[in-house]
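Here's the structure, in structure tokens; my notes come after.
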Amino acid sequence: MRRELEPWLAGRVLKRVELLAPAGPKYASLERAAGQSVLSVGRRGKFILAPLSAGDELVIHLGMTGSISAEEPTGPAAQHVRVRVHLAGKGPETLYFRDARRFGRFLVVPAGEYGSLPTLAALGPEPFDDSFSAADFAARLGRSRTAVKTYLLSQRPIAGVGNIYADEALWRARIHPLTSARDVSRAKAAELLAAIRAVLSESIAANGTTIKDYRRVDGEAGGFYERLAVYGKGGQPCPRCGTERVRTVVGQRGTVHCPHCQRSPRRRAGPAARRGSERPVRPRT
DNA sequence: CGCATTTCCTGGTAGC
DNA sequence: TGCTACCAGGAAATGC
């Protein structure tokens, strides 16, 4: 989306960013954008970040059901347009931000001041940062006892992995989603990082995953849905081993894994566990 | 602070 | 047909 948006936004002047949704923490300070030009269109994790000429920054997140287009939505979709971006110069005159469930974000903040966006402020490294090593990733996973899947979704060990890609990557790396993050070995962390990089680059190449709501800026669906190996495929046989995969809930999120390829986490047998100061994770498989 | 739970929000759908 | 109840989940807020 960043790539698709860049030619429409970079270098152009924002005449007005018009708020249609009720203002609030998710849609804030858009009036500040008026008259500023867009210096560049960047991205951190799932956030689009566009620095503006007067020192502010446009922050956009699609949430679950967000999309951006230059075509004015019609029909029932029209009522979900939350923001209209009016642009000067060459290119589309207006961009439309749709967000049916209002889980998205569209706000202007002083550049780099993410106090109102704690996830962005504490975002982990970019998956494709060359200087981000498997050892770094392993060290980050070591900071939490939370289930590795839940920790991935927090965006703290690595940026940009959501529910779909977490399940896909854990399956590829043969890691049970309930494994405590700190119990992921260095070798497994390396496999997981490689799996995350692979699944993300494959999905980007296919223009993303459209289940229902996600749309490219031209309104087309992304093509990765057909390539999903695990997400939404509970009860179906694992393509690697044929075992029936299981759907559970991990951290309030629907989760699918293969009980044969992704073995249940073993309880920790370290001194802390012997002292009883830590409850062994009881896998629900 | 770390971690778990709840909340926000609405289209879609299962069940009656 | 029309109603209610519930589900989906990214990130923030709240509760221990």
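Reckoned from all heavy atoms, side chains included, excluding hydrogens, waters and symmetry mates.
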Requested in this report: Identify, with sequence neighbours excluded, every residue that meets side-chain hydrogen bond (donor to acceptor under 3.5 Å, both in side chains) alongside A:Arg172.
Outcome: A:Glu202

**Report entry** A:Arg102: side-chain hydrogen bond (donor to acceptor under 3.5 Å, both in side chains) partners, not counting sequence neighbours
**Finding:** none

Can you measure [X] atom [atom1] to [N] atom [atom2] for me and round it to whole angstrom units?
{"X": "A:Arg145", "N": "B:dC3", "atom1": "CZ", "atom2": "P", "result": "7 Å"}
{"X": "A:Ile48", "N": "C:dA11", "atom1": "CD1", "atom2": "P", "result": "13 Å"}
{"X": "A:Gln252", "N": "C:dC6", "atom1": "CD", "atom2": "P", "result": "16 Å"}
{"X": "A:Lys149", "N": "C:dG10", "atom1": "NZ", "atom2": "C1'", "result": "12 Å"}
{"X": "A:Ile164", "N": "C:dA8", "atom1": "CD1", "atom2": "C1'", "result": "11 Å"}
{"X": "A:Arg253", "N": "B:dT5", "atom1": "CZ", "atom2": "C1'", "result": "11 Å"}
{"X": "A:His61", "N": "B:dC8", "atom1": "NE2", "atom2": "C1'", "result": "15 Å"}
{"X": "A:Arg140", "N": "B:dG2", "atom1": "CZ", "atom2": "C1'", "result": "16 Å"}

Report task. Can you sort out which residues in residues 66-85 of chain A have a heavy atom within less than 4.0 Å of DNA chain B? Ascending by number, please. Result ->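 The answer is A:His80.
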
Query raised in the report: Which one, C:dG10, B:dC3, C:dA11, comes nearest to the side chain of A:Thr146?
Result: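 The answer is B:dC3.
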
Requested in this report: With the side chain of A:Ser144 defined as its heavy atoms from C-beta on, choose the nearest nucleotide among C:dA8, C:dG9, B:dC3.
Outcome: B:dC3

Requested in this report: Under 4.5 Å between side-chain heavy atoms, chaining through other members, with only Ile, Leu, Val, Met, Phe, Trp and Tyr counted: pull out the rest of the cluster around A:Val13, sorted by chain and number.
Outcome: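 Grouped by the 4.5 Å side-chain rule, A:Val13 forms a cluster of one, so the answer is none.
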
Query - Heavy-atom side-chain proximity of A:Arg12 to A:Pro92 below 4.5 angstrom - result: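 Yes - at least one pair of side-chain heavy atoms lies under 4.5 Å apart.
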
Query raised in the report: Any chance CD of A:Glu93 has more than 12 other-residue heavy atoms, nucleotides or ligands included, within less than 6.0 Å?
Result: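 12 or below, so no.
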
Query raised in the report: If you draw a 6.0 Å radius around CZ in A:Arg227, do more than 12 non-hydrogen atoms from other residues or ligands fall strictly inside?
Result: no

**Report entry** Of all pairs that satisfy side chain to side chain donor-acceptor pair (under 3.5 Å), the ones with a partner from residues 159-168 of chain A, not counting sequence neighbours
**Finding:**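 Listed by first then second residue: A:Lys149-A:Asn163, A:Lys149-A:Asp167, A:Tyr165-A:Ser203, A:Tyr165-A:Thr209.
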
Any donor-acceptor pair under 3.5 Å linking the side chain of [X] with the backbone of [Y]?
{"X": "A:Ser131", "Y": "A:Asp129", "answer": "no"}
{"X": "A:Gln36", "Y": "A:Ala54", "answer": "yes"}
{"X": "A:Glu57", "Y": "A:Ala50", "answer": "no"}

Report task. Rounding to 10 degrees, work out the angle separating the end axes of the helix from B:dG2-C:dC16 to B:dC16-C:dG2 (five pairs an end). Result -> 50°

Report task. Tell me whether the OP1 or OP2 atom of B:dC3 has a side-chain N or O from A:Arg156 closer than 4.0 Å. Result -> no

Query raised in the report: Taking the nucleotide of DNA chain C with the closest heavy atom to each, which residue, A:Leu117 or A:Tyr231, is nearer the 5' end?
Result: A:Tyr231

Query raised in the report: Residues in ring-ring contact (aromatic ring centres under 6.0 Å, His included) with A:Phe97, at least two apart?
Result: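 For A:Phe97 the ring-ring contact (aromatic ring centres under 6.0 Å, His included) partners, ignoring immediate neighbours, are A:Phe106.
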
Requested in this report: Would you please name every residue forming a ring-ring contact (aromatic ring centres under 6.0 Å, His included) with A:Tyr231, sequence neighbours left out?
Outcome: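 ring-ring contact (aromatic ring centres under 6.0 Å, His included) check on A:Tyr231 returns nothing, list empty.
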
**Report entry** salt bridge (Lys or Arg N to Asp or Glu O under 4.0 Å) partners for A:Arg43, two or more places apart
**Finding:** A:Glu126

Sequence neighbours excluded and cut-off under 3.5 Å, please list the side-chain donor-acceptor pairs for residues 70-83 of chain A, or say none.
{"residue": "A:Arg82", "atom": "NE", "partner": "A:Asp99", "partner atom": "O", "Å": "2.9"}
{"residue": "A:Arg82", "atom": "NH2", "partner": "A:Asp99", "partner atom": "O", "Å": "3.2"}
{"residue": "A:Arg82", "atom": "NH2", "partner": "A:Ala100", "partner atom": "O", "Å": "3.0"}

Report task. Could you list by number each residue of residues 95-111 of chain A showing a heavy-atom separation from DNA chain C of less than 4.0 Å, or answer none if no residue does? Result ->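 Within this stretch, A:Arg101, A:Phe103, A:Arg105 sit under 4.0 Å of the strand.
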
Query raised in the report: Within the structure shown, what part of the strands sits under 4.0 Å from A:Lys26 by heavy-atom distance: base, sugar-phosphate, or nothing?
Result: base

Measure all distances between protein nitrogen or oxygen atoms and nitrogen or oxygen atoms of nucleotides 13-16 of chain C, and list the pairs falling under 3.5 Å.
none

